[in-house]
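All ligand and atom numbering here is 1-based and tracks the order in the structure. Computed over heavy atoms, backbone and side chain alike; hydrogens, waters and symmetry mates excluded.
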Amino acid sequence: MATQNSTKHILVIPYPAQGHLVPLLDLVHLFSLRHGFSLSVLVTPQNLPLIQPFLSSTPAASPLIFPLPSHPTIPSGIEHSRHLPPNIHHALLSLPLSLLKPQILSWAKSIPNPISLLISDSFLGWTESLAREIGVPRVYFACTGALATALIDYVFLHVPKKSNELIQLDSLPSSPSFPFSELPQMFCSYKPGDPDWEFIRESILANSCSWGVFTNTFHALESEYISYLKNFYGHNRVWAVGPIQPTGPPTSRGGNSSVSSVELEKWFATCPPKSVVYVCFGSQYTPSESQACAIASALELSRVRFIWALGGLSSVIPEGFKEKTKGKGLVIRGWAPQVEILQHPAVGSFLTHSGWNSVLEGVMAGVTLLTWPMKAEQFVNAKLLVEAVGIAAKAASGSDAVPEVEELAKVFVESVRMRTGSLTAMQEKAVEMQREAVAAVKEGGSSHKDILDFINAVSL
Ligand code: UDP
C-alpha cells in the first residue's frame with residue numbers, strides 16, 4: 001500500500017529507445033503505485049506522446065521536459081533511437097542528453113520535494129556523476145539479461161584501449177555455459193580510440209560504480225549470472241526484477257497496434273493450440289529483401305500457420321505471397337500487438353531477433369523460440385536460450401545471413417509439431433520456464449522478493 005514512501009521522490013531518466021523505455025516505465029509504475037514513490041520522468045518534447053499512457057496510469061508521476069540540446073554526432077530533429085541513421089550507434093543519443101546535466105542539477109536543487117534516488121538507463125552512464133552531484137544514490141537499469149550485462153561490463157573493463165590485443169577472458173565464470181565465444185560478434189563494431197566508443201565505454205564503466213542495479217531477468221533463468229554480477233560489483237544490490245510486466249493493456253505497449261483485437265481473435269479462432277509461428281524482429285530491425293524472401297518461401301513451403309509482423313518500414317514481401325498463403329497466415333504492417341499475440345494459446349513458436357524484451361515476452365507465453373540474432377548482445381541471448389536453457393532452436397545468425405529455405409521451413413515445422421497431443425521436449429521446457437517466470441513475479445516469487453528488498457534498501 002502506498003504509505004510509508006509517500007515522501008520519496010525518484011528522478012527517472014529513461015533512454016529513448018522502445019526496448020529500454022517501456023520496461024523501465026513499467027517497473028517504476030509499480031514502485032509508484034504499490035509503494036507510494038512520486039516520480040519525475042525526464043523526457044524530450046518529441047517523446048512526450050510515447051510516455052503519455054504511462055503518465056495517465058501513474059498519478060504520482062510527472063514529466064520533466066527539457067528540449068534535446070544539439071550535438072554534432074546526432075542529426076538535428078532526432079530524439080528517438082529508431083530514427084537514427086544506421087551508421088550511428090543507438091547508444092549515442094546519450095551524448096546530447098548528457099548536455100542536460102547542468103539544467104537537471106539546477107532543477108534538482110530548486111524543487112521543494114528533493115529527490116532521494118536516481119534511476120536511469122544503462123546507456124546513461126553520465127547520470128552516475130549527476131547523482132553524486134545531487135547527493136543521491138543511482139540505480140541503473142540494465143534492460144538486457146544478467147549474462148549479457150556481465151559480458152558487456154567485463155569486456156569494457158578489460159578492453160584494450162589502443163590496439164587489437166586480445167581480451168583476457170580468464171576471470172569470466174568458468175562454467176561451460178558461459179558463451180564467451182560469442183564475444184567477437186557482440187563487439188564487432190567496437191573501435192578502440194574512437195571518441196564515440198570511448199563515450200560508450202566510460203558509460204559502462206560508470207554503471208559498474210553505481211549504488212545498485214535492476215536487471216530484467218529472474219533467478220530460475222539466470223541465477224548463475226546474477227551471482228556473477230553481485231561478485232563483479234562487490235555488493236548484493238543487484239535486483240533481478242523480471243520479467244517486468246506490462247502495466248497497461250498489452251495492446252497499447254509501445255505503439256499503436258495496426259491490427260485490432262477483434263480481427264486477431266477472428267483469425268486465431270480456427271487455429272489449434274500451439275500451431276502458429278509468430279515472426280517479428282523487434283522495433284529496430286527490418287529484414288532485407290533477400291531475407292524477407294527466404295522467410296516468405298520457408299513459410300509457404302512449411303505450410304505452417306503464421307503471423308508475420310513486418311514492422312513499419314518494410315514492404316518487401318514477395319509478390320503473390322499473400323494469395324499463396326491465404327488462410328494460413330496473417331501479415332501485419334506497422335506496430336504489432338506482440339504481447340497479446342504471444343499470449344494467445346494458438347501460438348506455438350516465435351522467430352525472433354533475440355532482443356531481450358522479445359525473449360522475456362516469449363518465455364512468459366511459454367512458446368519455443370527460434371533465434372535469429374542480428375547484432376550486439378542478441379548473439380549471447382540466443383546462445384543462452386539454445387544451449388543453456390534449452391527452450392530455443394537456432395534459425396539463423398547475423399544481419400547478413402540468408403537462411404536456406406528448406407532448412408528454415410524444417411525449423412518452422414518442427415517448432416509447432418505436436419506428438420499426438422503431447423508436447424515435444426523443447427515445448428515442455430518452454431512451458432516449465434513459463435511456470436517459473438510466472439511464479440517469479442507473483443507474491444513470494446524471486447523477482448517479487450527482489451523488489452521488496454530494493455524497497456527496504458531505499459527506505460532505510
Ligand atoms: N514490439 C511490439 N510490436 C512490434 C515490434 C516490437 O510490440 O511490432 C515490442 C516487443 O513486444 C518488445 C519491444 O517492442 O517489447 C522490442 O524490444 P526487444 O528488446 O525485443 O528488441 P529491440 O526492439 O530493442 O531490438
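Test V43, L24, L42 against I13 for side chain to side chain contact (heavy atoms under 4.5 Å, CB included) and you get one pass: L42.
Ring to ring, F321 and W308 are close: their centroids are under 6.0 angstrom apart.
Listed by number with element, the atoms of ligand 1 under 4.0 angstrom from any heavy atom of Q284 are 23 (O), 25 (O). Applying the 4.0 Å criterion to heavy atoms of G282 picks out, from ligand 1, the atoms 5 (C), 6 (C), 23 (O). Short contacts between ligand 1 and S358, defined as distances under 4.0 Å to a heavy atom of the residue, involve ligand atoms 18 (P), 20 (O). Close approach of ligand 1 to W356 is summarised as follows: ligand atoms under 4.0 Å from at least one heavy atom of the residue are 19 (O).
Checking Y278 against Q338 by side-chain atom types alone, a donor-acceptor pair falls below 3.5 Å.
For atom 5 (C) of ligand 1, the choice among Y285, F281, W335 with the nearest heavy atom turns out to be W335. Comparing A17, S354, S81, A336 by heavy-atom distance to atom 3 (N) of ligand 1, the nearest is A336. Remark: among candidates R82, H353, M374, the nearest residue to atom 22 (P) of ligand 1 is H353, based on non-hydrogen atoms.
At a heavy-atom cutoff of 4.0 Å, ligand 1 is contacted by no atom of Q18, backbone or side chain. With a 4.0 Å cut-off on non-hydrogen atoms, A309 does not touch ligand 1 at all.
Electrostatic pairing of R417 and E414 counts as a salt bridge here, judged by a charged N lying under 4.0 Å from a carboxylate O. Of the charged side-chain nitrogens involved, at least one lies within less than 4.0 Å of a carboxylate oxygen, so that E407 and K410 count as a salt-bridged pair.
Between Q378 and ligand 1, no pair of N/O atoms sits closer than 3.5 Å.
Under the rule for a ring pair (Phe, Tyr, Trp, His ring centres under 6.0 Å), H219 has no partner lying at least two apart in sequence or in another chain.
Note on ligand 1: H20 sits outside its first shell, no heavy atom being nearer than 4.0 Å.
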Practice task
Dump the intermediate steps for ring pair (Phe, Tyr, Trp, His ring centres under 6.0 Å) on F306 and F412, then the final yes or no.
Solution key: CA-CA 9 Å; F306 67 89; F412 285 149; 8.5 Å; no
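The shortest distance between side-chain heavy atoms of V22 and Q18 falls below 4.5 Å.
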